[in-house]
Amino acid sequence: MIRDAQAVETCHGQGAHGEEDPFCGYFVGVEDVTGLSDLEAPKKSSGEVEVSCLFNESQQALNRASVLYHEVFLRSRGELSRYEAKIRGINEKRDAFKLLSELREEEAKRVQQKFDVIRHLRVEVDAVKAEVEEWKKNMDRLASEKEVARAELAATETQLRSLKEKALE
């Protein structure tokens, strides 16, 4: 009985081939899923104890691997959910920026159209100014011709009066 207990104690620290168990102590406090370690084993011979010990170790390693797999899976799933949420947020921001960009482009088009209208109106204003200058020159010329014509008319009237006076005399 003491030998059986010693055999069971020694096999828990070693792997199947007498090597150190790489998972030893990794899942401290994690209970076996199957609960086989809680069952009382009947007294067995030394060879049966080793086989039973190897089976228990294999079962515990399998349970640990299963627990580890589930932890990693859940952690990965949580990270995936966080990344998906970040991607949704980034996509929403991208869509908002795209909409703002489209609005800015539309505003820029309108402003450009207004600049084009202003440029066209300036060309028209410049043409009207040139026309006004031409009219002013014509008016100045006509005013000067009018003054010359008045002066000539006044001179002619003066000559005509003087001829009338001479004729009446």
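Treat the numbers as computed from the prediction; the structure is a model and nothing was measured.
The CG atom of L100 sits 11.0 Å away from the CG atom of D95 when rounded to the nearest 0.5 Å. Here CZ of F55 is found 10.5 Å from CD of Q60. Values are rounded to the nearest 0.5 Å.
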*What's the verdict on side-chain contact (heavy atoms from CB on, under 4.5 Å) for L62 and Q59, showing C-alpha distance, side-chain angles and the deciding distance?*
CA-CA 5 Å; L62 180 64; Q59 189 64 42; 4.2 Å; yes

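For D116, the side-chain hydrogen bond (donor to acceptor under 3.5 Å, both in side chains) partners are Q112, R119, not counting sequence neighbours. Listed by chain and residue number, R110 satisfy the salt bridge (charged side-chain N to carboxylate O under 4.0 Å, His left out) test with E106 (two or more places apart in sequence, or in another chain). With sequence neighbours excluded, no residue forms a side-chain hydrogen bond (donor to acceptor under 3.5 Å, both in side chains) with E92.
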Can you give the donor-acceptor pairs under 3.5 Å from side chains of residues 121-137 to other protein atoms, not counting sequence neighbours?
from, atom 1, to, atom 2, distance (Å)
E124, OE2, H120, NE2, 2.6

For residues 74-82, dump all side-chain donor-acceptor pairs below 3.5 Å to protein atoms at least two apart in sequence or in another chain.
from, atom 1, to, atom 2, distance (Å)
S76, OG, V72, O, 2.8
S81, OG, R77, O, 3.1

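Side-chain contact between N91 and R94 is present, with heavy atoms from C-beta onward closer than 4.5 Å.
Pairs of residues two or more places apart, or lying in two chains, that qualify as salt bridge (Lys or Arg N to Asp or Glu O under 4.0 Å) and include a residue from residues 142-156 are R141-E145.
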